[in-house]
2 protein chains.
Amino acid sequence: MLKEERQKFILDQVHLHHRVLLNDLSDSLNVSIDTVRRDVKELAKDRKLKKVHGGATSFGFMNFRKDEGNVYLQSKKIAIAEKTVSLLSEGQVILMSGGTTNMEVAKMIPKKLALTVFTPSLHVAMELLELPEVEVIFLGGKLLHDAKFAVGGTVVNSLSQLRVDMCILGTGYLDAVHGLTEFDWEVIQVKQAMIRAAKKTVILSVSDKLHSVQKYKTCDMTAVNTLVTELDPNDELLDAFRPYDLTLI
Amino acid sequence: MLKEERQKFILDQVHLHHRVLLNDLSDSLNVSIDTVRRDVKELAKDRKLKKVHGGATSFGFMNFRKDEGNVYLQSKKIAIAEKTVSLLSEGQVILMSGGTTNMEVAKMIPKKLALTVFTPSLHVAMELLELPEVEVIFLGGKLLHDAKFAVGGTVVNSLSQLRVDMCILGTGYLDAVHGLTEFDWEVIQVKQAMIRAAKKTVILSVSDKLHSVQKYKTCDMTAVNTLVTELDPNDELLDAFRPYDLTLI
DNA sequence: ATAATTTTTGCATGATTTTGCGGCTTTTAC
DNA sequence: GTAAAAGCCGCAAAATCATGCAAAAATTAT
């Protein structure tokens, strides 16, 4: 097999899966791991892919852990995103946090719907910029390496000067008793500020995350106006939330 | 068998299978490997196929996927990025604008180099977040849909509160007489603020962009401390810039 | 037709590239 | 912290390549 063939195969795999392991490549190509390593090194030098520990990834910006998110969760998130988009209307000014669910929402916004969206999430911002009618304002600040999410005083401060129609909070853990919780202190500071800045608070959550509690608390359930899940609004799993004054969809 | 016939056979094989091995050709043509080698060499000189180690491939083999921009510019940008990275040192606080050249710089920063980087560019920020030792602060504001770049009063205002070691300006057009120019009014506001916020201004420019002028002016050459191109610092194309008090690398 | 000339081909030789392996360092995970 | 995995470096074997040269083949001239 020619070196060119190998490298093309590697590139194809990378583009297809966004991420490949050197071991798998060495396996399916029947060459030593060193050879694959050298190939990847070469391709990386030409900027055809990005070399990472143990493998390689594509250069696209949407290559964040795409593989480990199971398809099963993905379909739920799409269902949630559909419901969420139905809440939006022309000319609104909204806030969107980060997370994969909010990314799905961004992808699903109709191309002709004019909105103004504030967000501290790089991924969401990137996705929203594909929509010509959406004005995107990034809430700048120190970026978290893993979440690609801006946190810190600057963000909170900017938010304190806003009064928007709606805020859509994506990630987070939800429990009827303990409310909305997170595992990152800095993130809850931002989310609290987002809630304060919005007239309405919409929470998106796949049912798997319901009834789970993390270290830090963002807010009580009383602060939430709408809860969006992939479930039917009458599902018994949601019973715990019915005592509160919120809309289930 | 005539030479012409052989070469036609070789070309047919290449077009059919996208790749051939010299050994196979020598085998099926019943000629020595050297003859085949010579044939392939000749065909490669006429650009009929691409010669690779051990065989030949058709031209469209590797690049069915469109690389953004031409490879020719890409290599220049990589050269510039290499020089630029050599200007960086541990612990510095810097500003980076957007553009593909600055992206290359971000990609080339060593994994272990600790920096603090402010940027209004989504792409640059995204790339910098791959580096664990780099603290990334996004300068938030209204995002331009095409450039994925934050502009507006918020950005300028944030910049006015900064005093950083160096600012690295990527895109833009450069001319010895007219200085640094842009085609977007909002962008030059940001770039001017970046220059004001930095002790040193570094300009990156591929030689193709030298001596070209756009509508709006960011600054004079006198404001520039270092000019990085892919050329040798002694290249005569840079002569026009020598009268100014700047470093050419 | 035959000799002279040019082109092509095959082979030997040494240079270059590619590849896998072992030892050793770095990174990651627990 | 420590163990395991991954990466890096240098080396040597194998494969491929370039070059020179002489024989074979084809072309041309006489």
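In what follows, chains carry the letters A, B, and so on, assigned in the order in which the sequence lines appear, proteins first and then strands, with residues in each chain numbered from 1.
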Flag, side chain of T84(B) to backbone of I80(B), donor-acceptor distance under 3.5 Å: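 Between the backbone of I80(B) and the side chain of T84(B) there is a qualifying donor-acceptor contact (under 3.5 Å).
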
Look at the side chain of H211(A) and the backbone N and O of L237(A), then say whether any donor-acceptor pair between them is shorter than 3.5 Å. yes

Contact class for [X] vs. all strands (heavy atom < 4.0 Å): base, sugar-phosphate, or nothing?
X      : value
N23(B) : sugar-phosphate
I33(A) : nothing
V40(B) : nothing
V36(B) : nothing

Whole angstrom is fine here: how far is it from [atom1] in [X] over to [atom2] in [N]?
X      : N       : atom1 : atom2 : value
R38(B) : dT7(C)  : CZ    : C1'   : 11 Å
L22(A) : dG20(C) : CG    : P     : 14 Å
H53(B) : dA15(C) : NE2   : C1'   : 12 Å
E4(B)  : dT7(C)  : CD    : C1'   : 15 Å
E5(A)  : dT18(C) : CD    : P     : 15 Å
K51(A) : dT26(C) : NZ    : P     : 15 Å
D39(A) : dG20(C) : CG    : C1'   : 13 Å
D34(A) : dT18(C) : CG    : C1'   : 12 Å

Under 4.5 Å between any side-chain heavy atoms of [X] and [Y], yes or no?
X       : Y       : result
L159(B) : L162(B) : yes
D46(B)  : L43(B)  : no
I109(B) : L128(B) : yes

To the nearest 10 degrees, what angle separates the axes at the start and end of the helix from dA1(C)-dT30(D) to dC30(C)-dG1(D), five pairs each? 40°

Please enumerate all residues that pass ring-ring contact (aromatic ring centres under 6.0 Å, His included) together with Y216(A), with sequence neighbours excluded. W185(A)

Any Lys/Arg nitrogen of K45(A) or E42(A) sitting under 4.0 Å from an Asp/Glu carboxylate oxygen of the other? no

Are the charged groups of D34(B) and R38(B) less than 4.0 angstrom apart, N to O?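 R38(B) and D34(B): not salt-bridged.
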
If you compare every side-chain N and O of S32(B) against the phosphate oxygens of dT9(C) (OP1, OP2), does one of them come in below 4.0 Å? no

Which atom of L129(B) lies closest to which atom of L144(A), heavy atoms considered: CD2-O, 4.0 Å

Boundaries of the DNA chain D segment in contact with chain B, non-hydrogen, under 4.0 Å: dT16(D) to dT19(D)

Here's a test of your reading of the structure: between K111(B) and K3(A), which maps to the more 5' nucleotide of DNA chain C?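 Looking at DNA chain C, the more 5' nearest nucleotide goes with K3(A).
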
Which comes earlier along DNA chain C counting from the 5' end, the contact point of K112(B) or that of T35(A), where each point is its nearest nucleotide? T35(A)

For S58(B) and H18(B), which I'm curious about, is there any donor-acceptor pair between the side chains at under 3.5 Å?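 H18(B) and S58(B) do have a side-chain donor-acceptor pair below 3.5 Å.
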
R37(B) (side chain) and dG10(C) (base): donor-acceptor pair under 3.5 Å: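 Side chain to base: no pair below 3.5 Å.
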
